[in-house]
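Accompanying notes for the structure given below.
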Amino acid sequence: MRDSSFKTLVDGAISPRPTPLAEIPTIVEALNGTFRSNKTKSLSWRRDQLSKLYDFVTKQEELLQEALWKDLRKDPATAKSELMTIASEAAYALDRLNTWAKPVAAKRTLFTIIDNNKILMSPKGVVCIISTWNYPFLLLLGPLVAAIAAGNCVLLKPSEVATHTEALLLDWIPKVLDNDAIKIISGSVKEATCLLEQKFDHIFFTGNESVGKVVMAAAAKHLCPVTLELGGKSPVYIDKDANVSVTAHRLIWGKFYNNGQTCIAPDYVLAHKCVLPQLLPALKKALEEMYTINTRDSVEYARIINHSHATRLITVLERQRALLHSEIVTGGDYDRDDKFIAPFIVCNVRPTDPLMEDEIFGPLLGIIPVEDEDEALQIITSRPHPLSMFIFSNNKRLIQKMIDNSQSGSVLVNDFLVNMIINDVPFGGVGASGMGAYHGKHGFLTFSHQRTMVWRGTDPFTEFFHGFVYPPFANHPFALSFVNYFTTHRRPSNFKVFFDKYVPVKLVLLVAGIALVFEIGRRVGVGL
Amino acid sequence: MATTPVTEIPHIVNSLRKTFESNKTKPIAWRKRQLQNLYRFLTDHEKVIGAALAKDLNRPMAEIANEIRATVNECSYALDHIDEWTKPRKCKPNLALMMDTTHVRHEPLGVVCIIAPWNFPINLLFVPIIHALAAGNCIVAKPSEVSTACESLVAEWVPKVLDPEAVKVVVGGVGETSALLEQKFDHVFFTGSPSVGKVVLQACAKHLVPATLELGGKSPVYVHSDANIAVIANRLCWAKALNCGQICVAPDYVLVHKDAKDSLIEAIKKSFTEMLSTDVKSSKAYARIINRNHTQRLLKVLSRQLAQAHSKLEYGGEHSVEDCFITPSVVSGVKLSDPLMEDEIFGPLLGIVEVANENEAISIIKSRPRPLSMYVCTESKAIANKFLDNTLSGSILINGFLMNFFVEDMPFGGVGNSGMGKCHGHAGFMTFTHERGLVWRSTGPITESASALMYPPFNSSPTKLSLLKLLAQKKPTTFLKKLFSHLFAQIWVYFKLWVIFRAGVFVGLEGGWVNVVGKIQKLLA
């Protein structure tokens, strides 16, 4: 299974050759040509590409795992779950593609009752997917699944920071997928800037907020719609009656998964001050159970992507540690050369501290003690909308209150990260954490244009009714009241509202149906 | 109308944000009350609204009724469906999360800005307001400063009709609009031209604000040789003369098959004469152009077009700048590089371009930016399907014009140069809604044991991974599995029916209902 020529490529050329700038417009033009040829619109083509992608992710698992190990030192299990998510996404799309792509019949009004009204799911055209380095396969191939399912031509731009995965994708994507419709380019800021000058029909960007603004501004010049999957400081609230041991386990897992380099990782914790005495030892215990005492030797503990990010995190860590009020729970060791930072948990953080400035995106966790959920809510709502928020409590009323009074991309109660693996839940931010959503059908809709179709007859019957809107007759009182009568959507009468609300029609029909079958059965029985 | 002072705009947005944070707009009852108030206003004050529309655009009765009715319909449609729309949607979980609650909540976005144009000053302002209210947002509404009568109507009535704490009107021109766009909104809904759309989108990019742009574009008409010419001409003339051609989805130019050209032109002349009589200027069925600037712009385009030797004026051409009046003017022999084919016309001028066949028409349409709407007139399904498969536009109508605007269930919006995002019906509601995923897990021992599969270390238990894979990874359903599940579903239905039937037979053989009751009584005794 393993391609030996590829192995040398990965080991030898760490930085793949960037795509020449002059080539980028030609690539986009070629993709436009493919889209115009209607090749990508056929369902069989989409299904074929999706199965090829599925096979690639499942059969070349080891190869992909190796690249992830080299880039982020991701252990096989974390790597596998990343690949598993792509495979699930592809399988889910494969199963439902026919249903998604089918035109939806629109409800008719009396005015359009004789027409054929449909909503067609048309592909948008040539789309650009710009990905990032923390989950270099998932965040590139996940949107790719949706774009293929919708029938688009795609230009992929993997992150140049995750060098091994970039090299692997550059080598394999052209081999695996249709080279006419799906192209991949490599490069850094210069190439990305040149890329954004091209006219696309949709841009799907995953990354941070400042680059997101640049992408959107560039897209605005071409009136190109964008989906931005950004990050943000996702808060955790731990209530006084939370199940401490479970909470600690899930928190440690959610935070140090991929070394904290996850867009939906918990960023800071707001803990009820009564829960702190039990929580801190529980966190230490869970950490030891999962990553052993010597975290550095643990296979499951990933590394920071590169030296500059490690330096950034170490600066934050040192600045936080220098503050007198911060109470270190565990960690504080680091090795810049190994890109290693031990899990760093610090308590008594204040909302103005270094840890609370930017998105952390690393293994540093600050805990802010709060008086009650109102204080926590006040801290959460005073900041930009996060991508995700987490509530740990067993008090339903409190959870409901927190959900109703805050805004975030998604909200998880008593867990982390799991919304990633449910295909039916839209994944995306709001406000500062992005716009647009994907996964499952939402991804398909992101890359589709819902084109409405009205197909009228030209027969005399249709034309007779159409005649009521033509001037000068349309202004005749009779025509006016006729059209008005047939096209006004009336408010339902109070009786209908009451009937709809209190009489479960389906249940009545079901009971009547059962009684009917019962009665027939009885009569037949009597006849026997 | 006194314009809103620029310095006041940040305060307006801040006060709306306070209202939103107080959660006042979130209860469904509040939203319904607002919609009901708006509904009552639109139906009770039809005359006042009609007068404003007649003053701005000299609208004929039928067109006034159309615009108000489309708005009212949208309002009652929203009222009827609001419970269904706002209800959290249950998601299908996968095996690993079987026992958890997974929902999608429909959350309001916050404070939204709605900027309306002047061509349908009531509908294009109130329809987004209806959906933003239904979704539970606070609103800054900016009516167009060009349609002055409607602007003052909106500024006067909206604070009376809708909750003044949650809906505010900003009055003014370009200066006020740019001051407005400097504010940080949670969504901007803009209806207007593509060039202004770009400016709006760039302003939004600074604050990462999502925007819905309802723009226009040159919507093409293709008339095939087999089209029912008399009917098509009637519909085309109706759509073109409506609101004096000032509609974003108005037919902009006609691509006609060379065999149908002469008969189409004759039929168009006949239809226009029938509809607007020979004296168009005194016809009560014909609206006016919004102002003199626009009239002069249109006349300039027309005279430049007629200066081309190859073009011929087939109908119309009369005009009066004082009265903002131009008769519907049909020009034949137009070439693709002509003045009539440059920008969106947005007025009663219609260019007719002759094409050899449908393939030429498709390639012309494809070579231009994607239009908001396109119209194909043919009796042949094959030709219509060719257009459906080979082109992309906001909407496509076959043998019909403008109809999609009146169907609430159809998303209305452009693609590419004609805009982004959707309005009308459910799509409009979703525009102003954030779909917030909610996963609610328990902390019980069963859930925790499933969760523990994901915790490191993994080396100690290699079965962990394979178990997790089994629970969480989806595989494409094989044909056999699909067949079996289909068969099983069928069998299950028949099985249920059979059980009921057997029960009936059983009771029947035992001698009717009475015996069963007797037996139960016996058992109880």
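Below, chains carry the letters A, B, ... as their sequence lines are ordered, and counting in each starts from 1.
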Without hydrogens or angle criteria, can the side chains of B/R436 and A/S408 be said to hold a donor-acceptor pair below 3.5 Å? yes

Do A/T488 and A/N484 get their side chains close enough for a donor-acceptor pair, meaning under 3.5 Å? yes

Can you sort out the partners of B/F412 under ring pair (Phe, Tyr, Trp, His ring centres under 6.0 Å), two or more places apart, ordered by chain and number? B/F405, B/H424

Which region of [X], side chain (C-beta onward) or backbone (N, CA, C, O), has a non-hydrogen atom less than 4.5 Å from a non-hydrogen atom of chain A, or is it both or neither?
{"X": "B/K184", "result": "neither"}
{"X": "B/R441", "result": "both"}
{"X": "B/L388", "result": "both"}
{"X": "B/P108", "result": "backbone"}
{"X": "B/S442", "result": "backbone"}
{"X": "B/C204", "result": "both"}
{"X": "B/K496", "result": "neither"}
{"X": "B/S277", "result": "neither"}
{"X": "B/V199", "result": "neither"}

Under 30°, 30 to 60°, or over 60°: which ring-plane class applies to A/H476 and A/F473, parallel, tilted or perpendicular? tilted

Checking A/E289 against chain B: side chain, backbone, both or neither under 4.5 Å from a heavy atom? backbone

Can you confirm if the NZ or CZ of A/K41 lies within 45° of the ring axis of A/F35 and under 6.0 Å from the centre of its six-membered ring? yes

If you count heavy-atom pairs under 4.5 Å with chain B, which of A/N414, A/V246, A/T458 comes out on top? A/T458

Which donor-acceptor pairs under 3.5 Å do the side chains of residues 424-435 of chain A make with protein atoms, sequence neighbours left out?
unit_1: A/D424; atom_1: OD2; unit_2: B/K92; atom_2: N; d: 2.9
unit_1: A/S433; atom_1: OG; unit_2: A/H385; atom_2: O; d: 3.3
unit_1: A/S433; atom_1: OG; unit_2: A/P386; atom_2: O; d: 3.3
unit_1: A/S433; atom_1: OG; unit_2: A/V430; atom_2: N; d: 3.0
unit_1: A/S433; atom_1: OG; unit_2: A/V430; atom_2: O; d: 2.8

Who wins among B/D186, B/N23, B/L392, B/N390 for the most heavy-atom pairs under 4.5 Å with chain A? B/L392

